[in-house]
Amino acid sequence: MVGSKKNYHSKNLDIYVLSRTYVEEEVKRAGQSLIPYVSVGFFIMLFCSVIGVVVRAYYLKQHSTDKILLALASCILPLLACGTALALMTAMGFRFSSILCVIPLLVLAIGIDSSYLMIHEWQRIIQQCRENPTHENSQIEYRIAEVLSEVGPAIMISALTNMLADAVGAFTSSPEITLLCVGNLLSMAVVFIYQMTFYVGLMSLIGKKEIKAEEKKRKNQLEIEDAKNVEARRIEFTRQVSIHPKKGTEEISKTMWTYVSLIANKFVASFIILLYFTYVVVSIFGITQINIHLSTQKLFPQDSPLLALDKLRVKYQVPHFTMATVFINNPGNFSDHKRLERMNQFVGDMESLHGGWGPVSTKYWIRDFLNFENTDIENFDENSDSEISLNKTILPSPTQVLKETNALVPLYNDEDLPSFMSWPEYSFWNGFIRLKNETTLKANDSRLEKFFFTTAYHGKELSKYVKLGNALNGWRGVVDKYATEFDASIFHEEAVFLGMQIYFEIFAHVSHK
């Protein structure tokens, strides 16, 4: 589409193309532009993970080259879990959306913590086993059981907290945010399973290797020792592999004691409590006063032509003609006057909402069809100056039409629909109406299968997502009144993004209450 703009370049005109497909492509391109930065960030994470694990292992005198593998696996495992979760979503029939590309970043930031907890606990257990070596604690099963008994509940509680938070979002948000929450929920569940199986398995293999290395080193030392010095050598060996080297232990203890004494001081504690409550009050006030303004422009690349187009659209189109499209999937037979009257009432309710332009902005084919029905088509003279009124905006009620025609002409004749749609003046309604297949049409069954109509609203406030979200809620409220009767639904091109705004607005409103 950008190429089309170049092909039709004009000195006097700037031509922009807008479609839902083009918007999705630009959002996808914006996500792809982040791949180099994400890759660099991932390698930095790998580097920091390796450095952190190796430095601590050196400090505890537990270093081995296999520790590097544990550090790398802690970063790679969340990505593998994301791949599995997204594959499960595809297998279960979920659609793909560009917002799912955010999931690996979220899971990588959250899921990696559990692996570090396991590494830390593993090193602590090794230190205890070295200080008090027994036959039982020299077994890999004992050490893994100790690790999981200590950090397993914490990891599970953290995983359940994240999954339940995503579950709430999956049932209370817009379709796109629901998709994101479901993907994140599945990813966190798979991360937990992988950590409790694959990562624990990898830790067991590395642990067996470390135990064998410890036993070999101890055996070599004991073989060259004199029998009189066996106990002394054993104590010396334990001291060398102890978790806390003597050097610096007193300084660390003194620093911690000073810190605890300071925090426990009643004046310091009172000041911290006062500071905390002040922070809470200021935070609540800020939430109630915040002005939420989300924009689709933030989803586009900086060089996207849609940025300029969207600014023009928000400035000139949205305040004057914001269109809502209503789909009627079960119209039924409008030969029933009561059902037709209910349909007209539905359209009237949509037109009478705040900011509505009224019938002049509504594309509702029934109005033209009734004009068509009340026109003498057979005696219509193509050369005459008379023509069918195409701009009728006030739809007479069924009773009025019947009185005006003295019941000689049917108000709504289902058999005339094909002729109506083939008539030149009304042929454009083919894009609004779908008729049933003639071969499957049953006796006394309506030819009309489904249709949609559009109506428009105006107001400067519609340029703001908060107000547009309120308007969308109003439209949905009217549609919900007739949803069961006509299987009605409403579409707006920005409803996908408005779901995020509505969620934040509800949160701010509840906080204010």
Side-chain angles (χ1 to χ4, degrees), residues 323-353 356 358-378 380 388-423 425-456 474-491:
M323 189 173 68
T325 304
V326 181
F327 291 88
I328 308 298
N329 297 305
N330 181 30
N333 194 340
F334 287 144
S335 297
D336 181 356
H337 302 153
K338 292 183 179 180
R339 189 167 183 83
L340 179 59
E341 195 171 39
R342 285 286 293 171
M343 187 68 239
N344 295 336
Q345 182 181 353
F346 182 10
V347 177
D349 289 347
M350 291 294 297
E351 293 171 340
S352 62
L353 287 174
V360 69
S361 69
T362 303
K363 289 291 185 182
Y364 180 43
W365 65 275
I366 291 288
R367 292 168 177 167
D368 279 354
F369 182 65
L370 292 182
N371 288 340
F372 175 83
E373 290 285 81
N374 288 278
T375 301
D376 189 0
I377 302 297
E378 293 182 357
F380 181 73
I388 299 174
S389 174
L390 300 179
N391 299 315
K392 192 170 185 179
T393 58
I394 301 176
L395 179 65
S397 66
T399 305
Q400 288 174 329
V401 173
L402 287 173
K403 287 180 179 180
E404 291 171 3
T405 57
N406 295 319
L408 297 176
V409 179
L411 173 65
Y412 179 96
N413 188 352
D414 192 73
E415 298 294 330
D416 292 337
L417 275 176
S419 300
F420 166 72
M421 296 173 65
S422 62
W423 196 254
E425 287 84 350
Y426 301 120
S427 59
F428 69 93
W429 287 117
N430 282 278
F432 290 73
I433 304 172
R434 177 187 292 180
L435 300 181
K436 295 179 181 177
N437 195 325
E438 293 287 344
T439 58
T440 60
L441 195 63
K442 299 179 181 179
N444 299 324
D445 195 7
S446 174
R447 295 175 178 271
L448 184 62
E449 182 178 355
K450 57 181 65 176
F451 69 92
F452 71 88
F453 68 88
T454 63
T455 189
W475 305 342
R476 288 172 173 169
V478 173
V479 171
D480 288 343
K481 289 170 53 180
Y482 301 90
T484 303
E485 188 175 357
F486 295 106
D487 190 13
S489 59
I490 191 168
F491 170 79

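Side chains are part of it too, since the values below use all heavy atoms of this structure and drop only hydrogens, waters and symmetry mates. These numbers come from a predicted model, not from an experiment.
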Discussion item. Applying side chain to side chain donor-acceptor pair (under 3.5 Å), can you list everything that pairs with Trp429, at least two apart in sequence or on another chain?
Written reply: Asp368

Response to the item:
Taking every heavy atom of Gly358 against every heavy atom of Thr455, the minimum-distance pair comes out as O-OG1, 4.3 Å

Discussion item. Please report the interatomic distance CH2(Trp475) to OG1(Thr325), rounded to the nearest 0.5 Å.
Written reply: 9.0 Å

Worksheet entry | Nearest heavy atoms of Ala456 and Ser361, plus distance in Å | N-OG, 3.2 Å

Worksheet entry | Close side-chain approach of Ile366 and Phe453, heavy atoms under 4.5 Å | no

Worksheet entry | Residue pair Leu448 / Lys436: nearest heavy atoms and the distance that separates them | O-CE, 3.6 Å

Discussion item. Are Phe451 and Tyr364 packed together at the side-chain level, in the sense that at least one heavy-atom pair is separated by less than 4.5 angstrom?
Written reply: yes

Worksheet entry | Residue pair Ser419 / Phe372, side-chain heavy-atom distance below 4.5 Å | yes

Fill in: Rounded distance (nearest 0.5 Å) linking atom CG of Asp416 with atom CD of Glu373
4.0 Å

Discussion item. For a 4.5 angstrom cut-off between non-hydrogen side-chain atoms, does Arg367 reach Val347?
Written reply: yes

Discussion item. I want to check something: taking the side chain as every heavy atom from C-beta on, are Met350 and Ile490 in contact at a cut-off of under 4.5 Å?
Written reply: yes

Response to the item:
Tested for ring-ring contact (aromatic ring centres under 6.0 Å, His included) against Phe420, the lone hit among Phe432, Phe428, Phe369 is Phe369

Worksheet item: salt bridge (Lys or Arg N to Asp or Glu O under 4.0 Å): which pairs involve residues 481-490, sequence neighbours left out?
Response: Arg342-Glu485, Asp349-Lys481

Worksheet item: Is there side-chain contact between Arg339 and Asn333, with heavy atoms separated by less than 4.5 Å?
Response: no

Discussion item. As an exercise, state the distance from CG of Leu417 to CH2 of Trp365, rounded to the nearest 0.5 Å.
Written reply: 5.0 Å

Worksheet entry | Nearest-0.5 Å distance, CG of residue Asn430 to CE of residue Met421 | 3.5 Å

Worksheet item: How many angstroms lie between NZ in Lys450 and CG in Asn329, if you round to the nearest 0.5 Å?
Response: 4.5 Å

Worksheet item: Which of these passes side-chain contact (heavy atoms from CB on, under 4.5 Å) with Val326: Phe452, Phe346, Phe486, Phe491?
Response: Phe346

Fill in: CD-CG distance between Glu449 and Asn330, expressed to the nearest 0.5 angstrom
10.5 Å

